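See structure below.
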Amino acid sequence: MNVLILGSGGREHAFAWKISQSPVLNQLFIAPGNPGTASLGTNLSISVNDFEAIAQAVRSYDIGLVLVGPEEPLVRGIRNFLESQEDLRHVGIVGPGADGAQLEGSKDFSKNFMHKYGVPTAASETFTKDTIDAGLAYLEAQSLPIVLKADGLAAGKGVIIAQSLAEAKSALKEMLLDAKFGAASDKVVIEQFLRGIELSVFVLTDGEDFVVLPEAKDYKRIGDNDEGLNTGGMGAVSPVPFATESFMNLVERKVIKPTLEGLKAEGIRYQGFIFIGLMNHEGEPYVIEYNARMGDPETEVVMPRIESDFLSLLIAVAQVQLKGQTLQISDQFAVTTMVVAGGYPEEYRKGDVITNLAQVEEALIFHAGTKEEDGQIKTQGGRVMAFTGTSNTLENAIQKSQKAALTVKFEGKNFRRDIGLDVLRYKV
Ligand code: AMP
Ligand code: GLY
């Protein structure tokens, strides 16, 4: 089968790496891809939001399966668009339609969904410009810290954790009155702050059945010890020792099953990933957010732990044949460290030449924000590359990943030195 992956980050490189090993793969295409994916398949210079051009590529290259990486085309309805093309009815798509993608595309939708179907989550209320006075009054009655979330997609930046009432009030005003996150903050969800340890759980469903992929822990802050600004993710670890069998059973019973039943009850046919951001609060799972896609950089630790043929699983999802499918998962630890451009997550450097890549020997290299120019690999995005170490011990996996991050060179390079160390301490 010919496969088209949409996206250009480390997640898509990790997908491409795994799928390129599949015995059922014929040709692999990535749109738009990056210099890393170019070594595994054919990059097509098409934006993930150019649906017409994507449909044309599906025709031209006889694509049998489209795997959608990022959330934006999902929320904009790439599935709906492809399904509306008479001659593309046979094409399998991994990723929900615009209705299912609302789980990620609208925090208000996802909170209402969770409340309606009894999925444990923080108490919340939604406010708009017209109800701002009620919102300000609501804030007065809440304990601190308090969480404010822009309703729509805001590239991971739409969440504010306010430590004081004054901060919370001015954030609410900025979001609703000054469109701090554009139209994404036309509605704001105000949510109780949850204490605990975070965990990312990944479900792959065909709308009827599901498999749970390896869980992961993400490191969102720019600095060591979780200090500084939020980022798209600076590293990840899998497995996560506090995701014990009994905790994961709770997650399945209290979160995954009611979520899938809720989707069915809403008449939403969901074929794709559900990435569930969870808080383990005193041993109980609470959903912080749903995403309609895999995580990045979590995919860079999840793919290396999957032993089964991943493409066959994706085909089963697209054909609603997941029932009875099992997943072989390796016991090995996987740790990924994201190397980022100087300045990131604020204004960052671009176009710096990356060297020493050939010296990286003990880790998998996943390109994210890179480009090839004049025969050189250069930095292009904030998150530049992820290096994944795998090993029977967490210590070794961390060491391999860190060594690679140290080895590669470019001006302004930055990365966290503590990926996995908290998990190591937790284990002992
Ligand atoms: P999100 O963009 O929804 O993933 O939120 C970004 C980060 O904010 C999460 O990964 C959490 O660390 C934090 N966060 C979001 N909601 C809450 C909450 N209700 N309680 C505590 N932390 C939260
Ligand atoms: N690493 C978090 C995300 O992909 O949303």
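None of the values given here were measured: they were computed from a predicted structure. Atoms within each ligand, like the ligands themselves, are counted from 1 in listed order.
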(message) Other residues, nucleotides and ligands only: do more than 12 of their heavy atoms fall within 6.0 Å of NZ on Lys378?
(response) yes

(message) I'd like the contact residues of ligand 2, where contact means a heavy atom below 4.0 Å.
(response)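 Shell around ligand 2 (4.0 Å, heavy atoms): Asp218, Gly232, Phe275, Arg293, Gly295, Asp296, Pro297, Glu298.
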
(message) Any donor-acceptor pair under 3.5 Å linking the side-chain atoms of Arg305 with those of Ser238?
(response) yes

Is it the side chain, the backbone, both or neither of [X] that has a heavy atom closer than 4.0 Å to ligand 1?
| X | answer |
| --- | --- |
| Lys220 | side chain |
| Ile161 | side chain |
| Val159 | side chain |

(message) Polar contacts were defined as any N/O atom of the residue lying under 3.5 Å from an N/O atom of the ligand; does this apply to Glu191 and ligand 1?
(response) yes

(message) Give the atom numbers and elements of ligand 1 that come within less than 4.0 Å of a heavy atom of Lys107.
(response)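 Atoms satisfying the 4.0 Å criterion: 3 (O).
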
(message) Among residues at least two apart in sequence or on other chains, which ones pass side-chain hydrogen bond (donor to acceptor under 3.5 Å, both in side chains) with Ser106?
(response) Asp151

(request) Please examine the side chains of Leu364 and Pro304, heavy atoms only from C-beta on, and report whether any two atoms are closer than 4.5 Å. (result) yes

(request) Pick whichever of Arg221, Lys149, Glu198 has a heavy atom sitting closest to atom 16 (N) of ligand 1. (result) Lys149

(message) Whether the side chain of Thr121 engages the backbone of Val287 through a donor-acceptor N/O pair (distance < 3.5 Å, no angle test) should be reported.
(response) yes

(message) If we ignore hydrogens and angles and just use 3.5 Å, is the side chain of Arg383 paired with the main-chain N or O of Gly233 as donor and acceptor?
(response)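 Such a contact is found between Arg383 side chain and Gly233 backbone.
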
